[in-house]
Amino acid sequence: MLKTLDIKNIAIIEKASVEFSRGLNILTGETGAGKSILIDSINAVTGEKTSRELIRTGEDSSEVSAFFENISTEIINKLNENGLPVEDDGSLLLQRKIFRDGKNSCRINGAPVTVSMLRSIGMNLINIHGQRDSQALLDSEKHIDFLDSVADVSDELEEFKDSFSQLLSVNSEIKALSLDAAYKERQTDLLSYQINELEKAQISSGERAVLIKKKNILNNSKKLSGALNGALTALSGDGESFGAEGLINSAVSSISSVSTLAKGLDALVENLNNAVAYIDDCTSLIDDVLRQLEDMDDNIDAIEERLDLLYRLSKKYGETEEEMLSFLEKAKEELDGITNSDERLNELREMKQKLLETCEKNAEKLSGKRKKAAEKLSASIKEELSYLDMPHCRFEVSIIPCEMNEKGSDGVEFLISANPGEEPKPLGKVASGGELSRIMLAMKNVLNKEGGVSTLIFDEIDAGVSGSAAKKIAVKLKEVSKSSQILCITHLSAIAAFADSHKFIYKQVSDGKTYTNIKELSEKERPYELARMTYGSEADDIHIKASEKMIEEAAKEK
């Protein structure tokens, strides 16, 4: 149950806090006072799509929070499944902050969540019915969803969707393999050429990097050899003069001859011997590099030719050697698929037949439950409509076979005959606005009895309704409010008279700015509001007395 709604900087509401009670909560006010803003705020905090245009002029962000009490076990399980905090007292706090740059900050019981997660929780807490919902009744494609919500076919529908998805996948593969002979021949020739070209090239991963390095070495081999030979001469000598190694050896010989005459000369000899060993390592390394240069294939043309081939192949089959090799494997698989397509087609056709039979059986299960539910729904709605001043109304759920789709093999459409002697026809062709409102209320009542959400919101359910029908709607709303919390925005005093809690929404202008305020009406104030709703600003004492009597009569109906 929605306990409190806190709003900040939404449209013309600067700041408002509304507390709701169990039963029937009525919201009234003059046109443009901001009643629809409450609905927009609730939509926002339950994760519905919203707009930054909702932010109050001059502000950078807006905030809405909704506090719920006594949430259902289903909601608690959903919170646990998503790793969200669960309060011991069964309460739940939803929060959403909308920024002017389009960003959102959402929280559930203080934990940050995405908008979609907020919506997945919110849709199980509140159901909003407005005039657009009545329009949804005119869309026959949505009728099957209404019926399924009563039929309790979630398991059967999931089973059917799974088999139908497999069938679509098999059909797609069959279509891909069912190529005409000429195309197969062309594709076989192309793939064979591509495979042959790549295999003949004998590409290896990382080959180009090695070749480029080798090419750079060959291009600079003379310069490299000259530098290395010069270094080797400097270190080892050239037969005519000593190199660094010979000079150090000479120094070692000289110092060794007098090492006993001065302290520390032995250590100096040892250091010089180490230097000779280090120089020897360096000359060995230089020798190794020079031998590699001598052994290296100096055919630069062959390397250029190989690099050119790899470049041309990369333009066709992939930038890197890995991509070209991957292309080769895929080409082989595709060629193998075409070569063996007839065999695979036979396998797929057998699979299709079995899947088709499974889909038909699953669709039949769906149809069976839908037909039973259709009878029950028709009878329940007829009973509801009879009470709502439509006693001669015939409501039928038409189920006819249709081409198999993701929802089964049933075409579902709601039909109605509002007058005796007339055959039922599609809702969109015969139902008036007032009739649609009552049909929607009847459906909401039936669906909620099947296990609906804890809070229902009706936005101007009284559209196109007046007289005794308005009172009947009020009685029906009161009846539904015994099992579910009801929030109802109305312009009819006949409905407002039945309120357990009556909120008055009004505008004020201060310092050139418009503000919306929400006030809980006392029992003394209620007759004045009902009189205003019926007679406008000209309401007098007689009208107020009549409103008092209307409230008294509504209390007796309760």
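In this chain, numbering begins with 1 at the start of the sequence shown.
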Fill in the blank from the handout: Applying ring pair (Phe, Tyr, Trp, His ring centres under 6.0 Å) to Y535 and not counting sequence neighbours gives H543

Practice task
Kindly indicate, with the supporting measurements, whether the criterion salt bridge (Lys or Arg N to Asp or Glu O under 4.0 Å) is fulfilled by E523 and R526.
Solution key: CA-CA 5 Å; E523 288 302 314; R526 287 184 64 205; 3.6 Å; yes

Exercise for the section: Apply the test side-chain contact (heavy atoms from CB on, under 4.5 Å) to residues K78 and N82: give CA-CA distance (whole Å), side-chain angles for both, the deciding distance (0.1 Å), then the verdict. Expected result: CA-CA 6 Å; K78 202 168 185 66; N82 288 281; 4.0 Å; yes

Practice task
Starting at CD1 of I55, measure out to OG1 of T57 and round the result to the nearest 0.5 Å.
Solution key: 10.0 Å

Exercise for the section: Taking the side chain as every heavy atom from C-beta outward, state whether T455 and L125 have any atom pair closer than 4.5 Å. Expected result: no

Practice task
Enumerate the residue pairs fulfilling salt bridge (Lys or Arg N to Asp or Glu O under 4.0 Å) with a member in residues 361-373, sequence neighbours excluded, ordered by first and then second residue.
Solution key: D148-R370, E156-K369, E159-K365, R370-D410

Practice task
Determine whether I416 and F414 make a side-chain contact, defined as any pair of heavy atoms from C-beta on separated by less than 4.5 Å.
Solution key: no

Practice task
Kindly indicate whether the side chain of F160, heavy atoms from C-beta on, has any atom under 4.5 Å from the side chain of C359.
Solution key: yes

Practice task
Start with the C-alpha gap between E63 and N9, add the side-chain angles, then the distance that decides, and say whether side-chain hydrogen bond (donor to acceptor under 3.5 Å, both in side chains) holds.
Solution key: CA-CA 7 Å; E63 298 178 51; N9 296 329; over 6 Å; no

Exercise for the section: Keeping the roles fixed (side chain from E529, backbone from L521), state whether a donor-acceptor pair exists under 3.5 Å. Expected result: no

Practice task
Verify, without hydrogens or angle tests, whether S483 (side chain) and V480 (backbone) share a donor-acceptor contact under 3.5 angstrom.
Solution key: yes

Problem - Q166 atom CD: more than 12 heavy-atom contacts under 6.0 Å - result: yes

Could you go through residues 102-109 and list every donor-acceptor pair under 3.5 Å that involves a side-chain atom there, pairing it with any protein atom two or more places apart or in another chain?
residue: N104; atom: OD1; partner: R96; partner atom: NE; Å: 2.9
residue: N104; atom: OD1; partner: R96; partner atom: NH2; Å: 3.0
residue: N104; atom: ND2; partner: G102; partner atom: O; Å: 3.3
residue: R107; atom: NH1; partner: G110; partner atom: O; Å: 2.7
residue: N109; atom: OD1; partner: L93; partner atom: N; Å: 2.9
residue: N109; atom: ND2; partner: P85; partner atom: O; Å: 2.9

Exercise for the section: Start with the C-alpha gap between T534 and S493, add the side-chain angles, then the distance that decides, and say whether side-chain hydrogen bond (donor to acceptor under 3.5 Å, both in side chains) holds. Expected result: CA-CA 6 Å; T534 307; S493 57; 2.8 Å; yes

Handout entry: Trace of the salt bridge (Lys or Arg N to Asp or Glu O under 4.0 Å) decision for K476 with E479
Key = CA-CA 5 Å; K476 183 55 64 177; E479 180 186 328; 3.0 Å; yes

Handout entry: 4.5 Å side-chain heavy-atom contact, D101 and D60
Key = no

Practice task
Look at atom OH of Y528 and say whether more than 12 heavy atoms of other residues, nucleotides or ligands are closer to it than 6.0 Å.
Solution key: no

Practice task
Going by the side chain to side chain contact (heavy atoms under 4.5 Å, CB included) test, name the single residue among H502, E19, K503 that passes it with N25.
Solution key: K503

Exercise for the section: Report, as yes or no, whether the 6.0 Å neighbourhood of atom CD on E520 holds more than 12 heavy atoms from other residues, nucleotides or ligands. Expected result: yes

Practice task
Give a yes or no on whether R394 atom CZ has more than 12 heavy-atom contacts from other residues, nucleotides or ligands under 6.0 Å away.
Solution key: yes

Practice task
Measure the spacing between CG of N43 and OG1 of T46 and express it to the nearest 0.5 Å.
Solution key: 5.5 Å

Practice task
Could you tell me whether a side-chain N or O of E525 sits under 3.5 Å from a main-chain N or O of S522, the two making a donor and an acceptor?
Solution key: yes

Exercise for the section: Taking atom types as modelled, find out whether S21 and D500 have a side-chain donor-acceptor pair closer than 3.5 angstrom. Expected result: no

Practice task
Answer yes or no on whether K472 is positioned over the face of Y387, meaning its NZ or CZ is under 6.0 Å from the six-membered ring centre and within 45° of the axis.
Solution key: yes

Fill in the blank from the handout: Distance col, row I486:CD1 vs K478:NZ, nearest 0.5 angstrom, shows 10.0 Å

Practice task
Give, for atom OG of S367 and atom CG of N362, the distance between the pair rounded to the nearest 0.5 Å.
Solution key: 11.0 Å

Practice task
Would you mind reporting whether S91 and F67 have side-chain heavy atoms less than 4.5 Å apart?
Solution key: yes

Practice task
State, yes or no, whether a side-chain contact exists between M404 and F164 at a heavy-atom distance under 4.5 Å.
Solution key: yes

